[in-house]
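What follows is a short report on a single structure.
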Amino acid sequence: MAVRFYNTLSRSVEPLQPLVEGKVSFYACGPTVYDYFHIGNARSFVVADIVRRYLEYRGYDVSFAMNITDIDDKIIKKAHEEGVPASEVAEKYAAAFLQDIEALGIRKPDHTPRATDTIQEIINHISGLIDAGKAYEVAGDVFYDVTSFPGYGKLSGKKLEDLVAGARVEADSRKHNPGDFALWKSAKPEEPSWDSPWGKGRPGWHIECSVMSQKFLGETFDIHAGGNDLIFPHHENEIAQSEGLTGKPFANCWLHFGFLNIDNEKMSKSLGNFFTAREIIKKYKPETLRFFYLQTHYRSPLNFSQEGLDAAEKGLERFRTLYRALQNAPDGKGVIDISASRERFNDVVDDDLNTPGGIGVLFELVKELNNGLSSTAGLSSDTKKAALEFLNATLIDLFGILKIEDDAASDEEFASLMELVLDVRSMARQEKNWGMADLIRDKLAELNIVIEDGKSGSTWKKQ
RNA sequence: GGCGACGUACCCAAGUGGCUUAAGGGGACGCUCUGCAAAAGCGUUAUUCAUCGGUUCGAAUCCGAUCGUCGCCUCCA
């Protein structure tokens, strides 16, 4: 079976059918750079990264774009609070964004366009919509006329009448319809602005994604992704703006990521349950956070907790230990069919990116391999090699959750010193001087160096 | 009020009609190894899938009702 995804547009799981055989064009909504991103944002970025990596793992040539929204109300607000230009706020947090995704092991997208670099294209797009009678200007603001687009509501399942009836839409007497939304916002004094046919102003909230995605991926592309909450109005409006102008389908497949909650509630600053990704990866390894995310299906809500992260770290350790054991074990005779695991893994993950299921398959293989390693027959060199290749492809290249640090190689001087200490200790042990042996072990433990006595001598590792 | 999602062991979490009298991880317990320990390995841990009805030869999986949790409808990943 081929790669399948749940498409919000059709509300069903569909096989991926790229426009161009073997190639996938993929766009994910990126950050608005007014603050460090939080662990909920991080989940979305990690999942988008995994979508991309999985497609590559399955042999597709992926073109991946993620925007950086660097002009927006929140940025302006923050700039006012801090008494600095909006561009400075945007610059600072855009740089932080790129740093943080790298720290999280997220591969940089092929394209990271910025709204402020795309102003001219945005103006052209809006002009096109006005010319086509789908948008109208009122005193320097431009609005999209939702009634001009018959398909409005097809993504979110909302009806125009319901939106009007809901009355939660902000009343603006200048709008022709309550559901109309701003494409261009006129500038208030002291706000950053760009010249346009409608006077000085800046792009509205949704238009930039339409323009930037089409700029890099074409008028129609394969996959568009983002958080659950973006379905309406953001993505609905993107479709209207894009298809309203081109008359062609915008994105064929819409992927939406589940939310991360804390104590089963949405994370928010006002509730005080707000953590930035920066903070968390000071305490936990980035791989642990990634693994924690991937152990839940991407569309399900995920409850964030310290216990969850601790459990993830333990599970990861199981992979690390097995990986090292495979590298170090002497050649034996036992044979395990790794390709069977690979097929099962692919089958499972092909089905709407079922990473928790895939991880389950990997853990089952770990048990099998451990059994092999501890049996008298051991494992053949071919089996070990195939297993390591498979684990490299999945745990390292695909999920990015396994990092094999070679403590000894990272600091040779320190390593030889440790060797000396261990030699002294093993002499003490040979003389059954347990007091001395234990003292060394305890003192090293205080320095976060863990000594483990095995059959073939003692080993050390940093905590 | 409208739309949608979800409820699987102590915790997390796959599975969505027969291959499952339910994967996997964490925890707990037992064993192996060990001078002791730690680590690691192995084993055990749900006749049952919120509840109640129904459809079916067969349901955790489909339908209906009930209870509960959550999200969107407003900036939000």
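Letters A, B, ... are given to chains in the order of the sequence lines, protein chains preceding strands, and every chain is numbered from 1. Small disclaimer: the values here were computed from a predicted structure and weren't measured.
- Distance from the side chain of A:Asp229 is smallest to B:A77 among B:G26, B:A77, B:A14.
- For an aromatic pair to be called close, the ring centres must be under 6.0 Å apart, and A:Phe292 with A:Phe304 satisfies this.
- With a 3.5 Å ceiling on both atom-pair distances, the Watson-Crick or G-U wobble partner of B:G24 is B:C12.
- A:Asp438 contributes a side-chain N or O that forms a donor-acceptor pair with the base of B:G35 under 3.5 Å.
- B:A59 makes up no base pair with any nucleotide shown, lacking Watson-Crick or G-U wobble contacts both under 3.5 Å.
- Not one side-chain nitrogen or oxygen of A:Lys159 sits closer than 4.0 Å to the OP1 or OP2 atom of B:G2.
- Nearest nucleotide to the A:Arg441 side chain, out of B:C36, B:G25, B:A39: B:C36.
- B:C36 is unpaired under the criterion used here, namely a Watson-Crick or G-U wobble arrangement in which both key atom distances are under 3.5 Å.
- Residues A:Gly258 and A:Asp310 both approach RNA chain B. Their nearest nucleotides, taken by heavy-atom distance, put A:Asp310 toward the 5′ side.
- The phosphate of B:G41 (OP1 or OP2) has a side-chain N or O of A:Asn370 nearer than 4.0 angstrom.
- Considering A:Asn7, A:Leu55, A:Asn252 in turn, A:Leu55 is the only one that fulfils the side chain to side chain contact (heavy atoms under 4.5 Å, CB included) rule with A:Leu16.
- Comparing B:A38, B:A23, B:A77 by their closest approach to the side chain of A:Glu364 singles out B:A23.
- Salt-bridge formation is not detected for the pair A:Asp145/A:Lys175: no Lys NZ or Arg NE/NH1/NH2 atom is positioned less than 4.0 Å from an Asp or Glu carboxylate oxygen.
- Rounded to an integer number of Å, the gap from CG of A:Leu302 to C1' of B:G71 is 15 Å.
- Taking only side-chain nitrogens and oxygens, A:Asn354 comes nearer than 4.0 Å to OP1 or OP2 of B:G15.
- When each of B:G4, B:A40, B:G26 is scored by its nearest atom to the side-chain atoms of A:Lys314, the top-ranked nucleotide is B:G26.
- Scanning atom types as modelled, one donor and one acceptor separated by under 3.5 angstrom connect the side chain of A:Asp453 and the base of B:C36.
- A 3.5 Å limit on both hydrogen-bonding distances identifies B:G4 as the Watson-Crick or G-U partner of B:C70.
- The ring of A:Phe319 has its center closer than 6.0 angstrom to the ring center of A:Phe363.
- In a base pair of the Watson-Crick type (N1 to N3 plus N6-O4 or O6-N4) or a G-U wobble (N1-O2 and O6-N3), with each distance short of 3.5 Å, B:C31 is matched with B:G41.
- Spacing between atom NZ of A:Lys77 and atom P of B:C75 amounts to 14 Å, rounded to whole angstrom units.
- With salt bridges taken as basic N to acidic carboxylate O contacts below 4.0 Å, none links A:Lys185 and A:Glu191.
- In a base pair of the Watson-Crick type (N1 to N3 plus N6-O4 or O6-N4) or a G-U wobble (N1-O2 and O6-N3), with each distance short of 3.5 Å, B:C52 is matched with B:G64.
- Along RNA chain B, the nucleotide nearest A:Val366 and the nucleotide nearest A:His206 are compared for position; the residue whose nucleotide lies closer to the 5' end is A:Val366.
- Within the structure, a side-chain polar atom (N or O) of A:Lys367 is placed less than 4.0 Å from OP1 or OP2 of B:G43.
- Distances shown here put a side-chain N or O of A:Arg318 below 4.0 Å from the OP1 or OP2 atom of B:G25.
- You'll find that the side chain of A:Ala311 is closest to B:G26, out of B:G35, B:G24, B:G26.
- Residue A:Ser300 places its side chain closer to B:A14 than to any other of B:G24, B:C75, B:A14.
- Stacking of A:Trp434 onto the six-membered ring of B:G35 is present: less than 5.5 angstrom between centres, less than 30° between planes.
- Whole-Å rounding puts the A:Phe292 CZ to B:C11 C1' distance at 12 Å.
- The side chain of A:Arg429 lies closest to B:C36, out of B:C42, B:C36, B:A77.
- A:Arg299 contributes no side-chain N or O that forms a donor-acceptor pair with the base of B:C6 under 3.5 Å.
- Between A:Phe221 and A:Phe250, the distance separating the two ring centers is shorter than 6.0 angstrom.
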